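Remember, predicted model here, so these are calculated numbers, not experimental data.
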Amino acid sequence: MQNDEEIIESLIVGGIIGAALGALVSKKNGAEIGAVAGAALLATYKASERAKKTGLPIILEENNALYEISADGSSKKKIKDLPSKQLNIPKTFTLK
């Protein structure tokens, strides 16, 4: 039986996750958007897995603060608070 990593990778490569994301975003260009989204997901996932193998701590932003997490995930140390974000995200977007 495949492990979770292999299942996720095969779904992305097979276009199932990408196509589903594309269908949610756009009815006209769903396949193209889905392909790009799937490729981005796979690249991000693989980069994250390679980074974990280095044994170096990971820096993570969470709740407007930076944290350092040990490579094995056993400890989490707050590094500093970040200024609060003022985001004005529109409710709708027009893709061109």
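- Between Thr92 atom OG1 and Ile89 atom CD1 the span is 12.5 Å, to the nearest 0.5 Å.
- The side chain to side chain contact (heavy atoms under 4.5 Å, CB included) check on Ser75 picks up Ser70, with sequence neighbours excluded.
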Name the atoms and distances for all side-chain donor-acceptor pairs under 3.5 Å in residues 57-65, with sequence neighbours left out.
unit_1: Glu61; atom_1: OE2; unit_2: Asn64; atom_2: N; d: 3.2
unit_1: Glu62; atom_1: OE2; unit_2: Lys76; atom_2: NZ; d: 2.6

